[in-house]
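Report on the following structure.
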Number of protein chains: 2
Amino acid sequence: MEQDSRLAGTVRPGGRTARVRAAVLEATQDELVLHGFHGLSMDAVAARAGVGKTTVYRRWAGAAGLVADLMTELADQSAAHADTGSIEEDLRANALSVLAAITDERLGATLQAVIAAATCDKEAAAALSTFYERRIREWGKSVDLAIRRGELPEGTDGHEVIRAISAPLYYRLLVTKEPVDKATAERSATRALVAARNGAFID
Amino acid sequence: MEQDSRLAGTVRPGGRTARVRAAVLEATQDELVLHGFHGLSMDAVAARAGVGKTTVYRRWAGAAGLVADLMTELADQSAAHADTGSIEEDLRANALSVLAAITDERLGATLQAVIAAATCDKEAAAALSTFYERRIREWGKSVDLAIRRGELPEGTDGHEVIRAISAPLYYRLLVTKEPVDKATAERSATRALVAARNGAFID
DNA sequence: CCCCTAATGGGTCTCTAGTTCCGTTAAGAT
DNA sequence: ATCTTAACGGAACTAGAGACCCATTAGGGG
C-alpha cells in the first residue's frame, strides 16, 4: 500500500498527472470545508475533482493520505519570518499570521483536518510535525536577531518563544473551543515577550 | 435521533442499565487505546462490552456520541485545585496534573479521541468545552488566592494563567507531535508564573 | 411473590466506502 | 508523425457499518 503520494517520483509527471493532482487536492479542501475530516470520502473528492475514484485510490493511501499530502503541499508555501527591527512587532506579526491561518476558511479547515488525521495516522502526523518544525525554525530567526540587537537576554531559546505564541491559539481552537480573535493573538505575543524579557526562555 | 446519552432521564436506571453503560464506556476506552477515534466502531465496542450492538446504537448517537459521553463522565471525576500556600507550587502541580492526564494510556487516548471527535461533532465539542471550562475555573482559584496573598499583582486573570500553562503541553501533543515530559511541564508552569508576576496577565 | 413493561439482544437487511479488473486515453520518446 | 506504455476511468464486486424487527430478559412497583 506504499504509494508515493508526491508528484516527485512519478515516471510521467506531464500535464495530465499534474492537473489531476491539483484538481484532487483542490477538491479535498472544498470537501474539508464542507464536511471536515471525519466526513471526507474519497468518492466525494473524486466526483468533485471530476476524476475517476480509481485514480484517487491509486495515488493516495486514504483520506489521511490525502490531507497529509495537502499539508506537505502547504508547507512549501509557508511565509518567511518578519524582520521589522523590533522584536515586539515581529512577534506580533507571527501571532497575527497564525491567527490568519486558523481563521481562514479553507486553510483553517485543512489545518484542523490534518490535526484530526494526525491523531490516528502516522503519515499525517509526520507531515504536520514537519510543517511546524520548519515554521518554528524560520520564525525563531526573529528572536535570534533580537538577541543580537540586545532586545532579549543572551541564551533565550527562540524556538520556544515561537511555540509559546502559537500554543494558546491552538489550545483555544482545538481544546477549549473558545473563539480566537485579534486581541487573543496580540495578548499571546505580548505574554511571550514579557516572559522572554524576564529570562523565562533561557535554557 | 435525539437520545439522552446520560443516565439521568432514563426511566428505569436500575442495576442492568447502569452495568451496561459502565461496560460500554469501559470498552470504548479500550478500543480507543487500540485503534483511536478514527478506528472506533460501535460493533467492536458492543462486542468487547459483551452487549448487543442494538443496545449501543439505541443509547448513543454514534462514535462521536460515545466519546462525548465518556468525556462528560470524566468531567465529574476531575480533581480539585492545589492549595500549597505557594503559587509556584500550585502552578507546578497543575502542569503535572495535565502531564499525568495526557501521558496516561487510557486517559490520554480518550482525550485525543474527544479532541478529534470535536473537530467534526457538535456534541463532542460541547463536552470538551465544558470539561475545560470547569477545570480552568477550578484551578483559577489557586491564582486568586495567590493574588490575595500578594504573590501576584492585583487584576491578574487567573483563568488565563491556567490556560497559559496547559496550552504548550496540548500544542506539543496535538500539533507539533513533540514528546511531552516532566521538564516540559515544569517549564510551562515557570514561564506562565514569570509572565504573571510581571503583569502580563492583567486585563 | 407476581405482573407489567422498560430495556436488551439476536438476526437480518440495506447502503456506501473501498477494491479490483480491464479497456481507453494521452504523455513523451524516437 | 507514430508508437509504446504510464496513467486514467467506468463498472462490477466485496465487506462492514449502521438501521430495523421482534422475541426475550429482568427491574421494580403492587
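To find a chain, count down the sequence lines: A is the first, B the second, and so on, and within it residues start at 1. Everything numeric here is computed off the predicted structure, so don't read it as measured data. What's counted below: heavy atoms across the whole structure, side chains too, no hydrogens, waters or symmetry copies.
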> So does B/Glu89 have more than 12 non-hydrogen atoms from other groups sitting under 6.0 Å from CD?
Replying inline: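 Result for CD/B/Glu89: enclosed.
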
> Relative to the ring of A/Tyr170, is the ring of B/Tyr171 parallel (under 30°), tilted (30 to 60°) or perpendicular (over 60°)?
Replying inline: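 The arrangement is tilted - the two ring planes meet at 30° to 60°.
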
>> Please verify the inter-ring angle class for A/His81 with A/Trp139; under 30° counts as parallel, over 60° as perpendicular, anything in between as tilted.
In response: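 Rings of A/His81 and A/Trp139: perpendicular, over 60°.
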
Atom-to-atom span, [atom1] of [X] to [atom2] of [N] - whole angstrom:
X: A/Arg19; N: C/dT25; atom1: CZ; atom2: C1'; answer: 12 Å
X: A/Arg59; N: D/dG9; atom1: CZ; atom2: P; answer: 10 Å
X: A/Leu66; N: C/dG18; atom1: CG; atom2: P; answer: 10 Å
X: B/Trp60; N: C/dT8; atom1: CH2; atom2: C1'; answer: 12 Å

Looking only at atom types and distance, does a side-chain atom of [X] sit under 3.5 Å from a main-chain N or O of [Y], one as donor and one as acceptor?
X: B/Asp69; Y: B/Gly65; value: no
X: A/Ser188; Y: A/Ile165; value: yes
X: B/Ser166; Y: B/Arg163; value: no

Any side-chain N or O of [X] less than 4.0 Å from the OP1 or OP2 oxygen of [N]?
X: A/Arg21; N: D/dA7; value: no
X: B/Tyr57; N: D/dA19; value: no
X: A/Thr17; N: D/dA7; value: no

> Would you call B/Arg137-B/Glu133 a salt bridge at under 4.0 Å N-O?
Replying inline: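 Yes.
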
> Under 4.0 Å between a Lys/Arg side-chain N and an Asp/Glu carboxylate O for B/Arg21 and B/Glu26?
Replying inline: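 No.
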
>> If you only use heavy atoms from C-beta on, which nucleotide in D/dA7, D/dC20, C/dT8 is closest to the side chain of B/Thr55?
In response: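 Nearest to the side-chain atoms of B/Thr55, counting from C-beta on, is C/dT8.
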
> In residues 37-46 of chain B, which residues come under 4.0 Å of DNA chain D by heavy atom?
Replying inline: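 When residues 37-46 of chain B is checked for heavy atoms under 4.0 Å from DNA chain D, the hits, listed by number, are B/Ser41, B/Met42, B/Asp43.
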
> Less than 3.5 Å between a donor and an acceptor, one on the side chain of B/Lys53 and one on the base of D/dG18, is that the case here?
Replying inline: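 Indeed there is one.
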
Could you write out each protein N or O paired with an N or O of nucleotides 22-25 of chain D at a distance under 3.5 Å?
unit_1, atom_1, unit_2, atom_2, d
D/dT25, O2, B/Arg16, NH2, 3.4

Would you mind writing out the side-chain donor-acceptor pairs for residues 43-50 of chain A within the sub-3.5 Å range, not counting sequence neighbours?
unit_1, atom_1, unit_2, atom_2, d
A/Arg48, NE, A/Glu31, OE2, 2.9
A/Arg48, NH2, A/Glu31, OE2, 3.2

> If each of B/Val20 and A/Ala63 is mapped to the nucleotide of DNA chain C with the nearest heavy atom, which maps nearer the 5' terminus, i.e. the 5' end?
Replying inline: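 The residue closer to the strand's 5' end, by nearest nucleotide, is B/Val20.
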
